[in-house]
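See below for the structure under consideration.
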Amino acid sequence: GAFDRFLQEYEMVTEINHPNIVEIYDLGVSDDHAHIAMEYVSGGDLKQRISQGIRPQEAVEYTRQIARALAELHKIGILHRDLKPGNIMVRDDDTLALIDFGLAKRMRLEQEITGNGEIFGTPYYMSPEQGHAEEVDERSDVYSLGVIFYEMLTGQKPFVGTDAMGIIIKHTKAPVPALPNHLSIYQSLNSLLLAKRPADRLQTAKEVLEWL
């Protein structure tokens with residue numbers, strides 16, 4: 001199953017040619033091992049950049065780049081499902097490259113590949129529906145982008161807890177945290193990205209780009 005997912009990941013990403021998605025060069029397979037040869041991104045990941053502090057204007061630009069990558073993925077029917085700062089690399093020219101599509105799946109793919117009703121992803125960045133192993137669509141990735149946007153602006157995750165289920169419950173039930181006063185210009189967008197119900201969110205990555 002893991003090997004099938006590896007091959008599926010490669011096949012999906014090779015369909016994409018986008019400046020904000022990592023470039024895949026080659027796939028190598030032997031009897032016992034497989035590898036992907038991809039673009040080298042030397043600037044570290046977005047998690048490191050957040051720890052150093054990000055100006056609001058930079059957060060907006062990074063969010064725009066991530067939304068562009070998501071729009072490209074969603075256009076060909078791929079959900080990322082594990083969008084987080086550690087899966088977003090920063091190039092030397094300050095452009096972002098989305099990586100690690102091991103949890104991505106085609107929206108119309110049969111459930112046998114990933115299992116039925118299993119939870120995949122990182123709780124800090126999971127949408128409420130993904131955390132409860134419900135059906136997900138592109139609005140789940142939009143929610144994860146909202147978590148990242150909040151973290152870039154404030155340096156803090158919107159929901160934390162002592163265990164995974166506690167964090168998942170907060171995503172489902174806790175109010176969307178308000179941004180500090182000096183960031184209030186972004187509150188409307190933040191609330192639309194982090195809405196509990198998918199129907200209350202911005203519906204697509206393209207809508208996120210329009211707001212930005």
Side-chain angles (χ1 to χ4, degrees), residues 1-52 54 58-59 61-115 118-127 130 136-138 140-145 147-149 151-152 204-206 208-209:
F3 188 71
D4 289 343
R5 286 196 291 273
F6 173 87
L7 294 177
Q8 176 198 351
E9 169 181 346
Y10 173 79
E11 289 166 359
M12 288 189 296
V13 179
T14 53
E15 297 176 9
I16 301 170
N17 180 17
H18 189 275
N20 297 123
I21 296 173
V22 71
E23 185 174 357
I24 303 295
Y25 298 131
D26 188 32
L27 171 69
V29 182
S30 66
D31 290 341
D32 300 316
H33 300 88
H35 70 269
I36 290 177
M38 67 177 66
E39 167 192 5
Y40 174 62
V41 184
S42 61
D45 59 28
L46 188 58
K47 181 178 180 180
Q48 294 171 313
R49 190 61 60 90
I50 290 172
S51 70
Q52 298 165 2
I54 293 178
E58 289 178 312
E61 175 55 28
Y62 285 160
T63 302
R64 183 180 288 113
Q65 292 186 43
I66 300 166
R68 286 176 184 148
L70 288 178
E72 186 70 16
L73 289 173
H74 296 164
K75 183 172 71 176
I76 62 172
I78 296 176
L79 300 179
H80 192 284
R81 299 207 304 167
D82 194 27
L83 192 66
K84 59 186 178 184
N87 284 342
I88 302 165
M89 303 301 292
V90 185
R91 297 188 182 94
D92 287 338
D93 64 359
D94 217 33
T95 60
L96 301 184
L98 219 60
I99 66 165
D100 196 357
F101 296 83
L103 294 180
K105 80 178 187 76
R106 292 197 179 279
M107 297 175 190
R108 296 170 296 279
L109 196 68
E110 292 298 325
Q111 285 292 318
E112 287 90 333
I113 292 179
T114 56
E118 295 181 61
I119 296 175
F120 290 92
T122 305
Y124 288 119
Y125 303 94
M126 269 188 194
S127 67
Q130 185 178 3
V136 298
D137 56 27
E138 58 255 54
S140 182
D141 282 345
V142 167
Y143 183 94
S144 300
L145 176 57
V147 177
I148 295 170
F149 183 51
E151 188 176 2
M152 286 193 294
T204 66
K206 286 186 177 180
V208 178
L209 290 168

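For the atom pair NZ (Lys47) and CD (Glu151), the distance works out to 9.0 Å, reported to the nearest 0.5 Å. Annotation: the span from Lys84 atom NZ to Ile148 atom CD1 amounts to 10.0 Å, rounded to 0.5 Å.
Not counting sequence neighbours, the partners of Glu39 by the side-chain hydrogen bond (donor to acceptor under 3.5 Å, both in side chains) test are Arg91. With sequence neighbours excluded, no residue forms a side-chain hydrogen bond (donor to acceptor under 3.5 Å, both in side chains) with Arg68. Annotation: side-chain hydrogen bond (donor to acceptor under 3.5 Å, both in side chains) contacts of Asn17 (sequence neighbours excluded): none. The side chain to side chain contact (heavy atoms under 4.5 Å, CB included) test applied to Thr63 returns Leu145, Phe149, Met152, Leu212, not counting sequence neighbours. Residues satisfying the side-chain hydrogen bond (donor to acceptor under 3.5 Å, both in side chains) test with Tyr143, not counting sequence neighbours, are His171.
Nearest heavy-atom pair across Lys206 and Ala71 is CG-CB, 4.3 Å. Closest approach of Ile99 and Ile88 over heavy atoms only: CG1-N, 4.4 Å. Across all non-hydrogen atoms, the minimal contact from Val41 to Met89 is CG1-CB, 3.5 Å.
The residue from Val142, Ile66, Leu73 that alone fulfils the side-chain contact (heavy atoms from CB on, under 4.5 Å) condition with Leu83 is Ile66.
The backbone N or O of Ala69 lies less than 3.5 Å from no partner atom in the side chain of Glu72, so there is not a single donor-acceptor pair. Asn87 places a side-chain N or O within donor-acceptor distance of the main-chain N or O of Asp82, the cut-off being under 3.5 Å. Proximity of a side-chain donor or acceptor of Gln130 to a complementary backbone N or O of Val136 within less than 3.5 Å is not detected. Judged by distance alone, the side chain of His80 and the main-chain N or O of His74 form no donor-acceptor pair under 3.5 Å.
A 4.5 Å side-chain heavy-atom check between Pro85 and Asp45 finds every atom pair outside the cut-off. Inter-residue side-chain proximity for Gln52 and Arg49 is flagged as met; some heavy-atom pair is nearer than 4.5 Å.
Between the side chains of Tyr62 and Asp94, at least one donor N or O lies within less than 3.5 Å of an accepting N or O.
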In residues 18-26, what donor-acceptor pairs under 3.5 Å come from side-chain atoms, sequence neighbours left out?
from  : atom 1 : to    : atom 2 : distance (Å)
His18 : ND1    : Asn20 : N      : 3.0
Asn20 : ND2    : Gln65 : OE1    : 3.0
Asn20 : ND2    : Leu96 : O      : 3.0

- Message: Let's go through Ile78 and Ile16 carefully: what are the C-alpha distance in whole Å and the side-chain angles of both, what is the deciding distance for side chain to side chain contact (heavy atoms under 4.5 Å, CB included) to 0.1 Å, and is it a yes or a no?
- Response: CA-CA 11 Å; Ile78 296 176; Ile16 301 170; 4.3 Å; yes
